[in-house]
Amino acid sequence: MKRESLINLILLGLLVGFPVWAMFSDEPFFITLATKAAILAIAGVGLNLVIGQGGLVSFGHASFFGLGGYSMGILASHAQTYEPLVLGPLVIDGSQSMPIIWLVAMGVSAVAALLIGALSLRTSGVYFIMITLAFGQMFYYFTISWSAYGGEDGLSIYVRNTFPGLNTLDPIQFFMIVFVLLLLVLGFCARLRGSSFGLALNAARQSSERVKTVGIEPFRIQLAAFVLSGMITGLAGALFADLNRFVSPSMFSWQISGEIMVFVIMGGVARLCGPVVGAMLFIVLEHVLGGLSEFWHIYLGFLLLLIVLFARGGIVGLLAGREKAHE
Amino acid sequence: MRLKVTAIAAVLMAASGISAAEGLKVGMITTLSGGGAGLGIDVRDGFMLAISQSGLTDIDVVIEDDQRKPEIAVQLADKMIQSEKVDVLTGIIFSNLAMAVIPSSLAQGKFYLSPNAGPSQLAGKGCHEDYFNVAWQNDTLHEAAGAHANETGYKNSFILAPNYPAGKDALTGYKRQYSGELAGELFTKLGQTDYASEIAQIRASGADSVFFFLPGGMGISFLKQYADSDIGLPVVGPAFSFDQGILQAVGDAAMGVKNTSQWNKDLDNPTNAAFVESFSSEYGRLPSLYASQGFDTANLLISAMASADVSDKDAFREALRAADFNSTRGQFTFANNQHPIQDIYVREVVLEGDVYTNKTLGVALENHSDAYAVECGL
Amino acid sequence: MTMTTALLAEQVLNGIQFGIMLFLMAAGLTLVFGVMGLINLAHGSLFMIGAFAAAAVAGATGSFAIALVAALAAAAAAGALMEILVLRRLYTRDHLDQVLATFALILIFSEGTRAVFGSFPLFLNIPDALSGTIILPGGIQYSLYRLSLIGIGLLVAFGLYLLITKTRLGIQVRAGENDREMIAALGVDISKLYTIVFALGAALAGLAGALVGAIQSVQVGMGEPVLILAFVVIVIGGIGSIKGAFVGSILVGLTDTLGGIFLPMFFDVFMDKSAAASAGSALASMSIYILMAVVLIVRPSGLFGART
């Protein structure tokens, strides 16, 4: 574990060092790329919680990513037009304040995750993969035809939302907000691993029968993990929407679920910083290969194949060696 | 992917007395991979043909592939603006991507010339002095189809489009001009490939004609299945399902269908004749309307460069607004909302040798400007 | 819009036809999962390869029959190659690695196809002998080609049934589903068996691609929407079960087709026409996913899945 901690530190150092370098060399776009990597990393950390520790392969995390995005889009668009959002008897003012948007995004994701999780966790294995996908697809088709918020065109928010005391339009300041959130989320997950909850979750993955015999209901542990995971991914969705100043149904598409899963696996499943290195590599590949050829997806495909076939445990596994058993 | 030529230009510009400055940098974000790639490739090729024909060397075009994903398009726009420091953006094919990119690019002080998408949000109240649409407002070709239906005497149309904003705009556009009854109105799934159920409903509806807007592969599927159904009612639609890139894949099923377009390869003007000739010999295929739009967009830009420098935004904007260039469509002027005022033609799908293509039949709407222009404060 | 019995019957037929095409896709997917325990996202690529091979060969020879054979052969060959070079290394891995590897294969196949055939859709048409419509009993005017698709699909389903229940290969397949070690102990060359099963599933996907390609657009990316539907089908039916795949296909086909018709009509009762069309079609596009969620909530292993 020692070596992995060192690698994690180096990774995070790289992630924060790169945009700082970009700022001094006046390359603001590289800061944007690093911000995107950090946001996707947060989404991946959320997914990793259920995939890695819980052994629950969710192919529907785009649901939460999109819900977070739309929470931001809807609140900000109402703030932009000064028209309150009317939900039956409830009248809510729009907001352009990031902390409020994050809370709403996480709250909405938590409720959705509770419902989706409660229904999906009745199944397991491939059935679980597919039922989570089904929920994602429902959101996707719903938002495409939901004309009140732009349908397939999505929603553009012209100004980035605000954070008290900071200028969020300055790329490096926005990056720092995202990076701090990433650290918080990573810290939370690290604590969770060592906690009795984390151990129970691990145990439930390995043998739900054995957990039952010690009096823990695996369903409740897994549901709690699913909700936490959905909240983290929802937060990432809100940040992603803020980065682009735009949300659209494509945030709900199964390709997004797939992409998040791909870089979690690429980085290393169940490794604390697996999603971080996965997201970073994904962005670098997209940027570098994208410039090489019109057919860059072919190269990306071969590279992913090589990783699956020859780098078991992902990049972190390759660097840090096989994971020791959890104590 | 970029085209860069810079040497002689400075000399020429200096000699002709125009302030040379540092030339002009264009960022083109367009769809070059995946299912919609054919459209982006045509726009790009038309655009680059005009650039190379102009002989200009102080124009630098950076081209990037948006993969038809709005998030990627937004990221590329950031790259173009922050890192490439372009003066002008162009290239986007699909309306949802356009809505993701254009408003924020304009807010950052960039010019945007649209070679294809024309969402209504940017044509009315949301029009912008730095946004120029060189193609059409999204409703335009559908309105022309409605006008054509009236002229032909259709009284009972069955209309269908995918259930997304551009699809709803299409049916609204058709109904805005069409004065007959509706035998049915259907929204299909976006990306739907099987239309058996819709075709059965058309057959049972007692309609006398069918109007559809199903871009890309959806249109190919619908036309093949419709032709096979032996319903035989006349079909009208916008040019998007009958452009040069798609027609060969539809084949006989499209023969004789009337469609509306602001451009066709047989439009009788010297600019168009030269364009069709040079495009065909350069790329080995006939140009599509998308290629003509890319070509016109580049020529508009070039015409503005000739009379103003992009560093003087007000002068450059005036130069764009003047639209002092030879369009493949012949007459071309901008309305107050900086969308074209142009003739929309009715075309018919015909076979020339072994190539399916279009023949112009007549004008559906003359000097047409879109319905949103009155709401624009420019 | 009024709904006559003949129109309803025609729509039911459309739903069945759509379902049967889905079955051709789903059968291979569920077979591969049942026997090898492999999740293959690249199954949609085999569908695309079948369609492109058929379009290319039909263009060169003018014969639809030869095109179908070419589609079967190309997809089977691509499938066998895929299995030998990549997938057989993944049988013992967990589902995650399989997802990543087959996702990578989608990228390679899609853009590879575009590199070879270009970015514009290809032409593939219904053979003359099967074009046009015929009148069915009850006065239904129906596409002859779609009717042939139903026939071919039923034949394939029957053939698969015979193959699984009556042949040596079928016995090995069923034994392999239950116990890998046992079948290896019986002296069956298991890696050859797997390659054959995989190629068979691939050929079915290729056949579906070619058949459907004649009435749809032959273009890059055409396999992915079908892939998702095929997954929905096998999950509803119970993974590994051919019978389940068949029932699931028909259910999905009917739900999708009839939902698209009745939901807008239902909303039409209390909404204006355009709004009803829009709301109805929105719910219709979600309907099969709702169906799948409901089935899984009631029966967590699908309709015919093995109880765990």
Side-chain angles (χ1 to χ4, degrees), chain B residues 31-42 160 162-163 167-168 171-172 175 182-201 203-205 216-225 227-231 244-253 285 356, chain C residues 1-4 6-8 10-11 13-15 17-18 21 55 110-111 114 118-126 130-133 140-146 212 214-222 224-226 253 256-258 260-261 264 273-274 276-282 284-285:
Chain B
T31 306
L32 299 171
S33 65
L39 286 66
I41 287 171
D42 270 1
L160 69 158
N163 194 21
K168 290 172 189 167
L171 298 193
T172 311
K175 289 191 279 188
L182 289 181
E185 177 172 1
L186 276 186
F187 287 108
T188 61
K189 262 198 291 289
L190 190 63
Q192 185 170 327
T193 49
D194 199 297
Y195 293 91
S197 142
E198 286 77 7
I199 287 169
Q201 295 187 55
R203 192 200 304 279
S205 69
M218 294 185 277
I220 300 178
S221 303
F222 176 78
L223 279 169
K224 282 161 101 172
Q225 294 163 26
D228 185 50
S229 74
D230 287 347
I231 293 180
Q244 207 58 48
I246 273 182
L247 270 181
Q248 315 315 314
V250 185
D252 250 0
R285 64 178 194 274
Y356 294 93
Chain C
M1 199 180 307
T2 52
M3 172 76 55
T4 62
L7 180 57
L8 183 64
E10 180 175 357
Q11 298 292 25
L13 219 47
N14 284 331
Q17 182 260 313
F18 182 43
M21 279 305 102
S110 288
E111 290 304 287
R114 204 164 68 80
S119 298
F120 297 96
L122 294 195
F123 175 71
L124 177 65
N125 207 3
I126 299 170
L130 295 178
S131 68
T133 55
I140 304 165
Q141 191 178 359
Y142 201 71
S143 156
L144 181 59
Y145 186 74
R146 286 183 187 276
V212 164
I215 48 171
Q216 290 183 5
S217 171
V218 178
Q219 61 181 19
V220 171
M222 65 188 285
E224 277 136 57
V226 197
D256 192 68
T257 305
L258 298 181
I261 303 159
K273 216 171 181 62
S274 291
S278 171
S281 119
S285 45

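These numbers come from a predicted model, not from an experiment. Letters go in sequence order (proteins before strands), and every chain restarts at 1.
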Proximal component of C:Ile126, with respect to chain B [non-hydrogen, under 4.5 Å]: side chain

- prompt: Measuring from C:Asp256:CG to B:Gln192:CD, what's the distance to the nearest 0.5 Å?
  reply: 7.0 Å

- request: Please flag which part of C:Pro121 lies under 4.5 Å from any non-hydrogen atom of chain B: side chain, backbone, both or neither.
  value: both

query: Most heavy-atom pairs under 4.5 angstrom with chain B, which of C:Ala6, C:Ala214, C:Pro264?
result: C:Ala214

- line: Bottom line for C:Thr133: the part with an atom under 4.5 Å from chain B's heavy atoms is both

field: Inter-residue atom distance C:Gln216.CD - B:Leu223.CG, 0.5 Å rounding
entry: 13.0 Å

- prompt: chain B heavy atoms under 4.5 Å from C:Ala276: which part of the residue, side chain, backbone, both or neither?
  reply: neither

field: Contact check, side chains of B:Asp194 and C:Met21, non-hydrogen atoms, under 4.5 Å
entry: no

statement: Taken to the nearest 0.5 Å, the spacing of C:Ser217 OG from B:Ile246 CD1 works out to 7.5 Å

Chain B contacts, top residue of C:Ala284, C:Ser278, C:Gly280 (heavy-atom pairs, under 4.5 Å): C:Ser278

query: Do you know which of B:Gly217, B:Ser197, B:Gly167 has the most heavy-atom pairs under 4.5 Å to chain C?
result: B:Ser197

- prompt: Taking the side chain from B:Lys224 and the backbone from C:Leu124, do they hold a donor-acceptor pair closer than 3.5 Å?
  reply: yes

- request: Specify the closest pair of heavy atoms between C:Leu7 and B:Ala204, including all atoms of both residues, with the distance to one decimal.
  value: CD2-CB, 3.7 Å

Under 3.5 Å: donor-acceptor pair, side chain of C:Glu10, backbone of B:Ala200: no

query: Can you name the nearest heavy-atom pair linking B:Asp42 to C:Phe120, along with the distance?
result: OD1-CZ, 3.8 Å

statement: Heavy-atom nearest pair, C:Ser281 first then B:Phe187, reads CB-O, 3.3 Å

query: Between CD of B:Glu198 and CD1 of C:Ile261, what distance do you get to the nearest 0.5 Å?
result: 8.0 Å

field: Taking every non-hydrogen atom, the tightest pair across C:Arg114 and B:Ala37
entry: NH1-CB, 3.9 Å

statement: For C:Arg146 and B:Ala196 the tightest heavy-atom approach is CZ-CB, 3.4 Å

query: Are the side chains of B:Thr193 and C:Met222 in touch, meaning some heavy atoms are under 4.5 Å apart?
result: no

task: Write down the atom of C:Gly132, the atom of B:Asp230, and the distance for their closest heavy-atom approach.
output: CA-OD2, 3.5 Å

query: In terms of heavy-atom proximity below 4.5 Å to chain B, should C:Gln141 be classed as side chain, backbone, both, or neither?
result: both

query: Any chance the side chains of B:Asp228 and C:Ser143 put a donor and an acceptor closer than 3.5 Å?
result: yes

